[in-house]
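Heads up, the thing below is written out as structure tokens.
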Amino acid sequence: MGQPVREYLLTLCVTAAVTYLLTGPVRKFAIAAGAMPEIRARDVHREPTPRLGGIAMFGGLCAGLLVASHLTNLKSVFADSNEPRALLSGAALIWLLGVLDDKWGVDALVKLGGQMVAAGVMVLQGLTILYIPIPGVGTYLPSPTQGTLLTVALVVITINAVNFVDGLDGLASGMVCIAAAAFFMYAYRMWFGYGIEAAAPATLFSVVLMGMCLGFLPHNLHPARIFMGDSGSMLIGLVMAAGAVSVTGQVDPDLLSLKTGGIREATHSMVPVYIPLLLPLTVIAVPVADLILAIVRRTWNGQSPFAADRGHLHHRLLEIGHSHSRAVLIMYFWSALIAFGAVAYSVNNASMWIVLGIVLLSAVGLVLLLLPRFTPRAPMWAQRIVPPRYRRVVRPETGEAAAGESAEGVRGERDEAREAVAAGLHGATAIGERSRFVERRRADSHR
């Protein structure tokens, strides 16, 4: 079993390296091509940032699949299954659609139609839901039409869930990487733990997806030098959905029951991902929850479900006082808790320690989530040993601590002043009047 692990690690490293090395030239190309849209009202960043990061991610995807096709153990995936080719075909279509949207903009309904076409192409090449294990009923074999509709729906939901959560630097790539790591653990256990060959493509897809995200993440961390854009977010969403369809819709539950020793054991092993339509909801539950809340919120307000706003979960984290980096880390935490908790529960769902651990970590997550609401202030004697956000503000003219004021409040005033000064500028390449730069220096001079 050691040899396949080394091959997976090699595929992961090649995918990450190619994605990382391509991102720099892609950034220069995006700037030259003018793929730097103006800052919108819902955006969090303050300077125009190039998009088209999905070009580098697609290059990493192709490189990872190419290397895997020549490795001793992984090349059997390409010989025995047409799913890698189906994934590459659908990924190429969705990537091309995303590139056009990043450069010129594409209507929301046109993008929805393109997502359905990409999913349909994968279905035509065999990547579709064949089995639906239903608790208490057994295995349901959907008709070709039903399988196609379920597959298309799953792909579209996952793509848009990832696309909706792509609102902060490094958020979407990090969350999908965490989900892919958890998904790899589950699919690898299905393949090498139970010897089910049908789970091999999903294991490969997860490794390649991790490499794409890891290679792009260093360029996308706050402050981001490039965004993945729709060409990247829709691409990684489609790869995630393809793995979900492959491992749950292509694996025969009857075969799993033979490998695990009985129907009861097979049911337990697939508890977290028992129904294929619920798999992405389990693995990337946070993006899907954000998607559902956004649709309900916009429909309730009489808006189109595709209308953009600042009501996403990451926007709300910023509004209650979290910094950009902390908001991203909190989203990482909840994604990892849900994804790895589901995998741990699938391994041993009879263990009370796993349930207690998930409950305890959930409580920790809630405390971190509400931390800005309960920010204590350290006494004067401890000012030098606590982080700046817990210190009291000392007025320079009096040398005394300002009553009722905090470093957070003064920092917020400074940020507002800086934003007001920078409102007339357009990023690092902006050319403005001389007086604007003077005002900006004055605004920063008292820091």
Side-chain angles (χ1 to χ4, degrees), residues 3-27 52-78 81 83-96 98-99 122 127 158-159 162 166 170 172-188 191 199-221 226-229 231-244 246-247 283-284 339:
Q3 184 68 27
V5 173
R6 291 196 293 269
E7 293 186 359
Y8 279 127
L9 183 60
L10 176 61
T11 303
L12 172 67
C13 292
V14 169
T15 305
V18 171
T19 304
Y20 178 81
L21 295 175
L22 285 179
T23 304
V26 167
R27 180 179 182 274
L52 294 177
I55 296 179
M57 303 180 84
F58 183 73
L61 171 66
C62 296
L65 293 178
L66 179 62
V67 169
S69 64
H70 290 83
L71 297 179
T72 303
N73 292 279
L74 298 185
K75 64 181 181 181
S76 61
V77 178
F78 297 83
S81 173
E83 293 181 24
R85 300 178 186 85
L87 169 67
L88 191 59
S89 301
L93 289 177
I94 205 71
W95 169 76
L96 181 60
V99 169
M122 293 194 301
L127 187 56
T158 309
I159 289 176
V162 176
D166 184 25
S173 53
M175 291 181 65
V176 172
C177 183
I178 292 171
F183 194 70
F184 169 77
M185 295 173 61
Y186 177 81
Y188 187 86
W191 185 11
T203 312
L204 176 61
F205 297 166
S206 301
V207 168
V208 173
L209 182 58
M210 277 193 290
M212 295 164 61
C213 295
L214 288 175
F216 184 74
L217 196 56
H219 299 273
N220 192 231
L221 291 175
I226 185 174
F227 294 151
M228 68 172 66
S231 59
S233 62
M234 292 196 300
L235 175 63
I236 60 178
L238 181 134
V239 177
M240 190 72 201
S246 178
V247 77
V283 179
I284 51 173

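Worth saying up front: this structure is predicted, and the values here are computed from it rather than measured.
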Side chain to side chain contact (heavy atoms under 4.5 Å, CB included) between L65 and L204: does it pass, once the steps are laid out? CA-CA 8 Å; L65 293 178; L204 176 61; 4.2 Å; yes

How many angstroms lie between atom OG of S173 and atom CG of L221, to the nearest 0.5 angstrom? 7.0 Å

In sequence, state the C-alpha distance, the side-chain angles, and the governing distance for V99 and L52, and then conclude on side chain to side chain contact (heavy atoms under 4.5 Å, CB included). CA-CA 6 Å; V99 169; L52 294 177; 4.0 Å; yes

Between the CG atom in L22 and the CE atom in M57, the distance rounded to the nearest 0.5 Å is 12.0 Å

Relative to the ring of W95, is the ring of F58 parallel (under 30°), tilted (30 to 60°) or perpendicular (over 60°)? parallel

Working to the nearest 0.5 Å, report the span between CZ of F78 and OG of S69. 5.0 Å

Closest non-hydrogen contact found for G24 with H219 is N-CE1, 4.3 Å

Main chain of K75, side chain of H70: is a donor-acceptor contact present, judged purely on distance under 3.5 Å? no

What one should report as the nearest heavy-atom pair of A172 and M228 is CB-CE, 4.3 Å

Among I236, V18, T19, L235, side chain to side chain contact (heavy atoms under 4.5 Å, CB included) partner for L61: L235

All heavy atoms of P84 vs all of S81, minimum pair found to be CD-O, 3.8 Å

Working note: Y8 + N73, criterion side chain to side chain contact (heavy atoms under 4.5 Å, CB included); need CA distance, chi angles, decisive distance, verdict. CA-CA 10 Å; Y8 279 127; N73 292 279; over 6 Å; no

Measuring from atom OG1 of T11 to atom CG of L74, what distance do you get when rounded to the nearest 0.5 angstrom? 5.0 Å

For A202 against S246, the heavy-atom pair lying closest together: N-OG, 3.6 Å

Which heavy atom of L88 sits nearest a heavy atom of C62, and at what distance? CD1-SG, 4.0 Å

Are V239 and L87 side-chain neighbours, meaning at least one heavy-atom pair lies under 4.5 Å? yes

Start with the C-alpha gap between F184 and L12, add the side-chain angles, then the distance that decides, and say whether side chain to side chain contact (heavy atoms under 4.5 Å, CB included) holds. CA-CA 12 Å; F184 169 77; L12 172 67; over 6 Å; no

So, do V77 and W191 sit near enough that their side-chain heavy atoms are less than 4.5 Å apart? yes

Which distance, rounded to the nearest 0.5 Å, do you find between the CE of M234 and the CG of L96? 9.5 Å

Sequence-distant partners of S231, side-chain hydrogen bond (donor to acceptor under 3.5 Å, both in side chains), two or more places apart: D102

How close do Y188 and T203 get, heavy atom to heavy atom, and via which atoms? N-OG1, 3.7 Å

Separation of I226 CD1 from R27 CZ (nearest 0.5 Å): 7.5 Å

